[in-house]
Structures are given as structure tokens and as C-alpha cells.
J.: 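Right, I'll just put the structure down here and ask away after.
The shown structure was predicted, so the numbers you read here are calculated from the model rather than taken from an experiment.
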Amino acid sequence: MGSELTGSFQLMKSMNRALILNTIRSEGPISRADIAKTTKLTPPTVTNIVGELLKTGLIKESDTGVSKGGRRPIMLTVNWPSRNVIGVDIGVNKIRVVLTDLNANILYKTVAKMPVPVTEEKLLETLKKSIHRLITQSGADKERLIGIGVGMHGMVDSEQGVSLYAPSWNLKNVAVKEELEGEFLLPVKAENDAKTLALGERWFGQGKDTENLVCINVGMGIGAGIILNNHIYRGNDHIAGEIGHMVIDVDGPKCSCGNYGCFQTLSGGSALRDYVLKEIALGRETILSDRIEKNPESVDGKAIYECAKAGDALALEAFSKTGSFLGIGLLNLLHLINPPLVVIGGGVSRAGDLILEPVRKIIKLRGLTETVKATKIVESGLGENGTVIGAATLILADLFASNNS
């Protein structure tokens with residue numbers, strides 16, 4: 001009986017500690033008295049836990065606040081530089097690794113090319129070497145490192161930290177968490193890249209003011225991260241958000257999954273390029289033709305974007321067509337989940353309004369209600385660092401024990 005009471009007390013203390021720490025994170029600078037009012041904890045409880053947090057260095061006292069009749073209160077803030085987190089973005093072609101502080105500010109970054117061909121052994125070896133290089137080159141204090149967060153494409157069991165299936169490399173059941181924890185002796189969390197991006201946007205990007213959002217990651221494939229009531233929605237077996245394989249045109253091109261007309265075949269990064277190359281082969285005039293003659297591989301999303309900005313009719317048409325298909329797929333998602341905010345990230349999103357305006361046009365034209373038609377659709381606020389910041393946020397969400405994970 002005594003051990004049960006002790007365990008319950010420790011659990012309650014831990015929950016109160018997390019509540020206070022997250023209140024300081026979200027509301028700081030804040031006084032002890034205002035923490036008690038906000039959390040509804042007793043002043044002695046707040047005083048004791050704040051004292052413990054001050055000793056750890058996780059929080060610090062800042063300037064005094066405005067007096068409400070007595071002594072001016074001492075304000076508290078998170079000591080952002082006191083700890084560091086490692087965030088990892090395992091992309092199809094490269095691995096990005098960053099070192100951040102407790103506010104997800106990137107302090108150091110390294111990039112490594114993915115080995116070819118990608119095998120489980122080579123993937124893990126490259127991953128470990130990249131993290132070791134970051135720690136060495138950044139001069140990170142290992143005593144201040146609190147964890148490693150990993151975002152990667154494909155289906156990921158976030159509870160076990162296992163990559164269930166990475167389709168670009170045809171790898172299955174890669175034990176990312178186990179391998180990295182054994183190598184670095186730090187807590188590790190792994191998650192799908194679109195879900196990771198959504199978490200990063202919720203904490204540090206476009207979604208800071210909402211508890212519900214959908215984040216679409218548009219690269220070579222398409223995935224979605226769904227935040228419902230401040231939680232990542234993962235589904236029954238971790239594949240919630242795999243919208244790239246929704247069929248939106250039964251007579252469309254064949255997808256890598258074997259089906260025809262999948263969402264990503266019509267509006268992913270490769271769809272933009274494929275459309276341009278097909279039209280050029282049919283004789284369309286475009287300033288992209290010079291690139292084709294010199295180096296066909298140079299015709300990528302960036303090149304098409306540059307030509308569109310220069311007024312090239314084919315490039316503009318390609319963005320319009322791709323954006324319209326993106327809007328159709330997104331409309332299905334809006335009618336299913338009905339979020340107030342959609343954030344579009346990934347390489348294609350960097351085209352800005354060239355891709356977003358056709359999306360918004362479809363939504364306004366075909367949405368079932370005026371509210372759906374007015375759904376806020378924005379470009380990622382985190383840019384190319386979105387997934388890697390989201391990966392770091394996996395650890396930060398755990399530290400602050402917020403409801404945002």
C-alpha cells in the first residue's frame with residue numbers, strides 16, 4: 001500500500017512539474033502567483049517545484065514584474081540555451097541533422113548524401129556518422145543533450161521507433177530508435193516526416209494559434225500530418241495521413257504502389273516535371289527547351305518555377321494544372337476532417353502562390369459550405385527546415401509534456 005501511495009505521489013508531482021514547466025514555456029515571463037492562478041495549483045506547490053526547476057537550470061528568474069499592491073513579483077522564463085536537442089530529417093536523397101536549443105532555434109546544421117543503393121546497414125551507418133559529425137563539429141556539450149528526434153518518409157511506428165516501410169528504398173522494419181539509443185545513450189523518438197512537419201508547424205510555425213490543423217508535405221510523394229485537439233493523429237496502425245495514395249483519377253498514370261491515378265502521381269513534385277516534359281515532346285514552345293537540349297536532368301521544380309516567374313506559358317500551365325489536382329485531393333481531406341487551417345510544405349510549396357492559388361480556387365469553387373470554402377491555406381512557416389525542426393519538437397514535446405504530441 002505504501003509503495004502505491006509513493007508511486008501515485010511521484011506521478012502527481014511529475015505531472016505538476018510538467019504543467020508548471022509548460023506554463024512557463026507558453027506564458028512566460030510569468031510570476032509564481034500567476035502560475036498558481038493559471039494551473040490552479042497551490043502557491044506552496046508552485047514554489048517548491050519552481051525551486052527544483054531553478055536548480056536544474058531549465059528555468060531562470062528574469063526581470064521583476066508590475067506590482068499589484070505588494071512587492072514587485074520576480075518573473076520566470078525558460079532558460080532556452082540550457083539544453084540542446086538533435087533533430088534529424090531522413091529524406092530520400094539526403095540526411096539533414098541539426099542542433100537546437102529548447103526553443104527549436106537551429107544552432108548548427110550538417111547535411112549528408114544518402115548512400116546508393118540504400119540498404120538498412122548503409123542507412124544506419126550514414127545516420128550514425130552524420131549525428132557524430134554534428135556533435136563533433138558543433139562542439140555540443142553531451143551533458144546538455146536531452147534527446148534525438150527523427151523524421152523520415154514512409155510508415156513509422158512511433159511507439160517502437162521503427163521504420164515499418166520506406167517505399168523509396170523498399171526497406172522494412174528498420175529499428176531506428178534502438179540503434180540510435182544504443183549508439184548515443186540518449187532518448188530517441190522517430191516519426192513519419194509529414195506528421196513531424198505538422199508537429200513543428202503547430203509549435204513553431206503557422207499553427208501556433210490553433211489546436212487542429214492538417215499539414216501537407218508535397219515532395220516527390222505526398223503525405224499529411226494531422227493534428228486533432230493538439231495530438232498527432234496516427235490511426236490504427238500508423239498510416240493515417242498517407243493521402244498520396246488516394247485515387248483521384250481512375251484513368252490517371254500508374255503509381256509506384258501499383259494503382260492508377262493516385263494523388264501523388266498527379267500533384268507531387270514529379271508530376272510537375274512529367275507534365276512539362278510530355279508537352280515539350282508534343283512540340284510545345286517554351287524557354288525550358290534550351291535546358292532540355294543541354295541537360296534534361298536540369299528540368300526540375302526549381303527550373304520550372306524560374307520559367308514560370310519569367311512568364312513562360314507552359315511553366316505557368318504546369319503549376320496551374322498541378323495545383324488544381326492538389327486542390328481536388330485536399331478538398332476530399334477538408335470534407336473528411338474539416339480543419340480550420342491547412343499548411344502546405346515540402347519542395348513544391350516553395351512556389352508560393354503559383355501553387356497555392358490554384359488550390360484555393362478549387363476549394364472556393366467546390367467546398368460544400370462557406371466555412372470549408374474559406375479554409376485558411378498557407379505555405380509552411382518553417383520552410384526547408386520544417387521536418388528537421390519538427391523532429392526536434394518530438395523531444396521538446398516530451399520534455400514539456402504538452403498535449404501537442
Side-chain angles (χ1 to χ4, degrees), residues 91-94 113-114 116-118 153-154 166-170 216-224 242-332 344-363 365-366 379 384:
V92 174
N93 299 312
K94 62 184 69 172
K113 289 184 178 180
M114 195 66 73
V116 179
V118 179
H153 90 285
S168 294
W169 314 310
N170 196 30
I216 310 293
N217 194 17
V218 188
M220 296 307 290
I222 296 180
E242 287 294 328
I243 62 170
H245 298 289
M246 292 192 309
V247 176
I248 61 174
D249 182 359
V250 293
D251 297 318
K254 188 174 183 178
C255 181
S256 58
C257 72
N259 286 327
Y260 290 85
C262 286
F263 188 19
Q264 67 184 31
T265 67
L266 296 162
S267 51
S270 59
L272 191 70
R273 182 176 185 270
D274 291 346
Y275 180 76
V276 165
L277 293 178
K278 183 182 79 171
E279 290 296 304
I280 291 175
L282 291 173
R284 286 285 296 275
E285 292 186 5
T286 170
I287 56 179
L288 282 159
S289 296
D290 290 339
R291 287 180 178 261
I292 294 288
E293 292 177 5
K294 294 176 182 177
N295 180 14
E297 295 301 317
S298 69
V299 179
D300 55 12
K302 182 179 180 182
I304 298 169
Y305 171 74
E306 291 171 352
C307 291
K309 295 296 284 185
D312 183 76
L314 177 56
L316 288 167
E317 184 180 303
F319 274 109
S320 177
K321 188 177 183 67
T322 302
S324 294
F325 275 119
L326 185 59
I328 291 169
L330 182 53
L331 183 67
N332 292 328
I344 300 181
V348 172
S349 73
R350 289 167 210 152
D353 285 342
L354 279 174
I355 198 77
L356 294 182
E357 281 307 310
V359 172
R360 293 173 181 138
K361 185 177 180 180
I362 289 292
I363 303 304
L365 183 65
R366 303 195 180 192
E379 183 182 351
E384 65 178 6

J.: Would you call Val218 and Ser349 a side-chain contact if the rule is heavy atoms closer than 4.5 Å?
T.: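 Not in contact.
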J.: Any side-chain to backbone donor/acceptor pair from His245 onto Phe263? Under 3.5 Å, distance only.
T.: no
J.: Would you say the side-chain atoms of Asp249 pair up with the backbone N or O of Gly261, donor to acceptor, closer than 3.5 Å?
T.: no
J.: When you compare the side chain of His153 with that of Pro167, does any pair of heavy atoms fall below 4.5 Å?
T.: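 Answer yes - side chains close enough.
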J.: Is the shortest side-chain N to carboxylate O distance from Arg350 to Glu379 below 4.0 Å?
T.: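 Glu379 and Arg350: not salt-bridged.
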J.: What's the spacing between Thr265 OG1 and Ile248 CD1 if we round to 0.5 Å?
T.: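 Answer for the OG1-CD1 pair, Thr265 versus Ile248, is 7.0 Å.
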J.: How many angstroms lie between atom CE of Met246 and atom SG of Cys262, to the nearest 0.5 angstrom?
T.: 9.5 Å
J.: For the side chain of Ser267 and the backbone of Gln264, is there at least one donor-acceptor N/O pair under 3.5 Å apart?
T.: no
J.: Report yes if the side chains of Tyr260 and Val247 come closer than 4.5 Å at any heavy-atom pair, otherwise no.
T.: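 Contact flag for Tyr260/Val247 side chains = no.
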J.: Measure from the side-chain N and O atoms of Asp312 to the backbone N and O of Ala315, and report whether any donor-acceptor pair falls under 3.5 Å.
T.: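 Judged by distance alone, yes, a pair lies under 3.5 Å.
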J.: For the atom pair CD1 (Ile304) and CG (Leu316), what is the distance rounded to the nearest 0.5 Å?
T.: 11.5 Å
J.: Taking atom CG of Asp353 and atom CD of Glu357, what is their separation to the nearest 0.5 Å?
T.: 4.5 Å
J.: To the nearest 0.5 Å, what is the distance between NZ (Lys321) and CG (Leu326)?
T.: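 If we round to the nearest 0.5 Å, Lys321:NZ and Leu326:CG are 14.0 Å apart.
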J.: Can you check side chain to side chain contact (heavy atoms under 4.5 Å, CB included) on Ile355 and Ile344, steps first, answer last?
T.: CA-CA 10 Å; Ile355 198 77; Ile344 300 181; 5.6 Å; no
J.: What do you reckon, is CZ of Arg284 surrounded by more than 12 foreign heavy atoms closer than 6.0 Å?
T.: yes
J.: Which heavy-atom pair separates Pro358 from Ser324 by the least distance, and what is that distance?
T.: CB-N, 3.8 Å
J.: Mind checking the CZ-NZ spacing from Arg366 to Lys361? Nearest 0.5 Å is all I need.
T.: 11.0 Å
J.: Would Leu288 and Ile280 count as a side chain to side chain contact (heavy atoms under 4.5 Å, CB included) here? Give the steps.
T.: CA-CA 8 Å; Leu288 282 159; Ile280 291 175; 4.2 Å; yes
J.: Is Tyr305 close to Leu272 at the side-chain level, that is, under 4.5 Å between some pair of heavy atoms?
T.: no
J.: Would a 4.5 Å heavy-atom cut-off, applied to side chains only, mark Ile216 and Ile243 as touching?
T.: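 They are in side-chain contact.
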J.: Would you mind reporting whether Val359 and Leu330 have side-chain heavy atoms less than 4.5 Å apart?
T.: yes
J.: For the pair Thr322 (side chain) and Phe319 (backbone), establish whether a donor and an acceptor sit closer than 3.5 Å, ignoring hydrogens and angles.
T.: no
J.: Salt bridge check, Glu306 against Lys309: does any charged N sit closer than 4.0 Å to a carboxylate O?
T.: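 Salt bridge absent between Lys309 and Glu306.
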